[in-house]
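Presented below is the structure to which this report refers.
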Amino acid sequence: MRRVFRSRRGWESFLWGLRRVLAERIPEAGSPPALDMVEAAQLYQTLYWVARTAVEPTPATDVLHVTAAGWSAVPALVHKALHGTPMILTEHGVFVREAYLAAVRSGGSPGSRFTATRLARGLARAAYAGADVVSPVTDANGVWERGLGIDPAKIHVLYNGLRQPAPPTPPPGNRVVVSVGRIDPLKDVHTMLRVAKETLRHVPDARFLHYGPVTEGQEAYGRACDALHEQLGLGDRFRFMGRTKDPDGVVRDADVVLMTSISEGLPMSILEAMGQGRPVVSTGVGGVPDVVRGCGVVVPPGDVHGLAMAVTTLLRQPALADQLGRRGHGRLGRIFNEAACVDGYRELLGAAARSGHTAVER
Amino acid sequence: MDTTTISAERAGRLVEARLDRLPQDMLEAAVVLEAWAGVPAGRALDAGRELMAVRTPEREKSAGALPEAPVREGFAAEAVSFVLAVVAIACWAAPLARELGAEVLRVGLLVALPLTLALQWGLRSRYLGRKDGLAHLGRHRLRLVLLPLLLTGGLTAGLGEGGTVAALLTLTWTAGTVLIARRWSALYAGGVIAATAAMLAGVPALPVLAVTAALATVAVAAAVRVPVGDILHAPGRARRALAAMAIGAGLGTLLVADPTVDWTVGAVPALALLPSTVASFWGGYHLWSFQQVIPRALSGVPVAGPDARNPAWPGLRVLFGAVGRLVAATVVLSGLLMLAGDVFGSRTSGVSVLAAFGLVALLTLIVSLLESVGRAGWALLSVATAVGGELLVGVAGGEPFPAAGLIGGAALALAVALPGAVSLLARPARTLATALWIA
């Protein structure tokens, strides 16, 4: 493989193929940028790593379980092509969507954006084509998956679930707003800080606590969040608390749980809030609107005013907040419970294993 | 906002406001509409498709980002330390030969030079030339202590006193490579100079050498104690390191296989290495800039279209510049050494030996380039040609002048290696794609 990669033939075949792609004119795909040789070389090296991933040996197995329609699907696709083993793809987010978000935020050259997103799309399409069942955690992701060309019959939504929680305790009434999540551009912590600033204008004694570490590789974003925190003059009224080992406990101590993400599947932090009977104010991304229905407030992403007004309203009206929280608790028990989630996976994987054995016996 | 009835025009305005440009394709438009405008996924995908149907962006020019050129701090200090170490070690030959006999020293050097160069090349390929390489090496600290004992025991058992000398010299020189990579070159040079002073003051040479080798080994064990928590890069491949070892062993053999170059007659032959060693530092420093020059030359050169071209000259200019520097510096410094030799009353080994060492330095430079970009096979062929050529000159009619075999072998090998280097740098795009930046 290494020899082929280094050969003149390998490089020239790649250039020939790349030039064909760059000459494509498909309205939906826009106009490919005029890549330079440096970007072409970088793409060639990336494809080399895809090939290296493909040649990694995989152990004998009854079912291939892939957790993202991206690089991790490559060895499974090879294994399936060699042995016909059934392949299940479970996606928490949508790999292509997140690759596009990363490319948009990267501020890279048109060529680097193009190659990163095209590669992600190619990997995702290969994973979708190879999977026997695609199992998103929310219907909203299913919409994306259908939009990316999956046969709807392949899609089988399996919601995340939490263990049936104890009856909720009353909210503490300390006007504490808690958020739980990594400090990452996808979580849009900048918006969260601005929401805090606006909320504090209406509820000066409110306190915001954010739990979660900075994502590895996003240290610059973490520093930008600190800078914005200082610029907004939030002081102790918004505190970054770092990683927590007790997400249920920190949510239990909240009056309102806030989430400002711009991309989500079915976020566990919202399920945890519902498990503790706390109302949720969240951006309506991914599966959030389906989950939060009737037990919180959903606002478009980036809508600082809308999010701040929702938080303000719930802090000022604790009875309403309590009522929404209890509805969330009930909804969690009915729909997003651990038993249903585990049963769903057991059934899915069991059926795949049986179908694999049947195929082999045939 | 009523997100269920978004028009293509409104979608276009929203997306442009967020991106400050037109979207590259429908998926980017859809992602932006969903993530920053709250448009539900299905509607965002439809809106993205409609938007691209009415507003296709113009083809944009693009230029890949270039990594920042690595700063080579302390290069001059390293070079000075290395040269001091070479000079000091050159002074060991006389005391060792006096104490142990010329034959023992000859056997020692015959084994030590190829073995040292093999270890140095192998270590550089697998560890020292890699990011996090010292940390990886630090995982084998026990082996770093046991191997010297085994090496000394084995060589002594096999070759007697000559084996002991070979082992101690190998350990001292190889340790120098690790210490210089750790930026402890001053410590190494200081140790070697102190040992030289002791030998010249009449302290028995073999015990001094033994203590120096032991201290150097301990220093290596200390040098590789670096934090291992944040290792991000893998070590070099074992197969590649083996090939590098073979290249190093070949170059060492080339140096010792010519019987007309006698390394045991005092400091002279080792001192004759100085001009080419200094020159190869300068040439190598220049040559290694090809890693920045090639990407810069390719930046902005489109893959397709009328402007597509293959800018071969910048890479070749670096190669010829490096060769020119090495040759010029070798000639000038060799002349100075000969003059100094006359002034101090000792004779250097003559023009032919200095020229031979210059050619070996040039060969080493080119072979290093080939090895570093993964053309170890070509590099090995060149070195094998050198050794073969050297032996042939010796067999076919003796040596008409000192170091004739070395000159013949190195020249023949350069004829093999240089076309490889030229072809690598003359096709910079493929070289960048297949050899640079890859961990």
Side-chain angles (χ1 to χ4, degrees), chain A residues 2 5-8 10-12 14-15 18-19 22-23 25 27-42 44-45 48 94 96-97 100-101 103-104 108-114 117 121 140-141 143-144 146-148 186 262-263 283-286 289 299-303, chain B residues 1 3 18-19 21-28 30-32 34-42 44-46 48-49 52-53 56-66 295 297-305 307-308 310-311 374-375 427-438:
Chain A
R2 196 184 299 270
F5 165 75
R6 284 180 177 251
S7 70
R8 179 179 168 184
W11 168 244
E12 287 182 352
F14 162 76
L15 278 183
L18 181 60
R19 285 177 181 133
L22 295 178
R25 287 295 176 272
E28 288 179 5
S31 302
L35 258 65
D36 76 348
M37 282 294 189
V38 173
E39 290 165 329
Q42 286 167 331
Y44 192 61
Q45 293 185 355
Y48 166 68
V94 177
V96 172
R97 183 174 62 182
Y100 269 92
L101 284 170
V104 166
S109 65
S112 66
R113 288 198 309 266
F114 174 80
T117 51
R121 203 180 76 176
N141 287 357
V143 174
W144 267 97
R146 283 194 295 279
L148 289 164
L186 285 179
I262 58 170
S263 178
T283 45
V285 288
V299 175
D303 183 354
Chain B
M1 179 174 62
T3 54
R18 178 68 214 181
L19 296 177
R21 59 175 168 80
L22 290 173
Q24 69 171 37
D25 56 32
M26 65 150 288
L27 287 178
E28 187 178 55
V31 164
V32 170
E34 192 200 27
W36 284 290
V39 179
L45 284 162
D46 290 343
R49 195 172 291 114
M52 295 310 291
T56 304
E58 292 292 311
R59 176 188 286 269
E60 286 181 278
K61 282 193 173 172
S62 186
L66 302 178
L298 293 169
S299 177
V301 175
V303 169
D307 298 333
N310 185 21
R375 266 57 176 184
R427 45 176 172 68
R430 190 176 140 204
T431 298
L432 175 62
T434 59
L436 303 183
W437 297 350
I438 300 177

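Letters A, B, ... are given to chains in the order of the sequence lines, protein chains preceding strands, and every chain is numbered from 1.
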Next item on the list: Counting only heavy atoms closer than 4.5 Å, note whether A/Ser7 contacts chain B via side chain, backbone, both or neither.
Entry: backbone
Next item on the list: Name all residues meeting the side chain to side chain contact (heavy atoms under 4.5 Å, CB included) criterion together with B/Ala44; count only those two or more places apart in sequence or in a different chain, and write none if there are none.
Entry: B/Ala30, B/Leu33, B/Glu34, B/Val39
Notebook entry, point to check: Within the distance-only criterion (no hydrogens, no angle test), does the side chain of B/Arg430 pair as donor or acceptor with the backbone N or O of A/Arg6 below 3.5 angstrom?
Noted result: yes
Next item on the list: Could you tell me which of B/Ala41, B/Gly42, B/Gly64, B/Ser62 has the largest number of non-hydrogen atom pairs under 4.5 Å with chain A?
Entry: B/Ser62
Check: Relative to chain B, which of A/Val285, A/Leu148, A/Val104 shows the most heavy atom pairs under 4.5 Å?
Finding: A/Val104
Next item on the list: For the residue pair A/Tyr44 and A/Phe5, categorise the inter-ring angle as parallel (less than 30°), tilted (30 to 60°) or perpendicular (more than 60°).
Entry: parallel
Checklist line | Options A/Pro110, A/Ala103, A/Pro33, A/Gly30, ranked by heavy-atom pairs under 4.5 Å with chain B, top entry | finding: A/Pro110
Next item on the list: Can you tell which part of A/Ala23 gets under 4.5 Å to a heavy atom of chain B, answering side chain, backbone, both or neither?
Entry: backbone
Next item on the list: Using non-hydrogen atoms and a 4.5 Å limit, figure out which bit of A/Trp11 sits close to chain B: side chain, backbone, both or neither.
Entry: side chain
Check: So which of B/Arg18, B/Met26, B/Arg59, B/Met52 has the biggest tally of heavy-atom pairs under 4.5 Å with chain A?
Finding: B/Arg59
Next item on the list: Check the pair A/Asp36 / B/Leu298 against side chain to side chain contact (heavy atoms under 4.5 Å, CB included), numbers first and verdict last.
Entry: CA-CA 7 Å; A/Asp36 76 348; B/Leu298 293 169; over 6 Å; no
Checklist line | Side chain / backbone / both / neither for A/Thr117 at chain B, heavy atoms under 4.5 Å | finding: side chain
Note to self: Which one wins on heavy-atom pair count under 4.5 Å against chain A: B/Ala53, B/Ala63, B/Ala429?
What the structure shows: B/Ala63
Next item on the list: Answer with side chain, backbone, both or neither: which region of A/Leu18 has an atom nearer than 4.5 Å to a non-hydrogen atom of chain B?
Entry: side chain
Item checked: Side chain / backbone / both / neither for A/Arg8 at chain B, heavy atoms under 4.5 Å -> both
Checklist line | A/Glu39 vs B/Val303, side chain to side chain contact (heavy atoms under 4.5 Å, CB included): CA-CA, chis, key distance, verdict | finding: CA-CA 9 Å; A/Glu39 290 165 329; B/Val303 169; over 6 Å; no
Next item on the list: Could you tell me which portion of A/Val96 (side chain, backbone, both or neither) has an atom closer than 4.5 angstrom to a non-hydrogen atom of chain B?
Entry: side chain
Note to self: Donor-acceptor check, side chain of B/Ser299 to backbone of B/Pro295, threshold 3.5 angstrom: yes or no?
What the structure shows: no
Note to self: To the closest 0.5 Å, what do you measure between CD (B/Glu60) and CD (B/Gln24)?
What the structure shows: 8.5 Å
Check: With B/Arg21, which residues qualify under side chain to side chain contact (heavy atoms under 4.5 Å, CB included), at least two apart?
Finding: A/Arg113, B/Leu19, B/Glu28
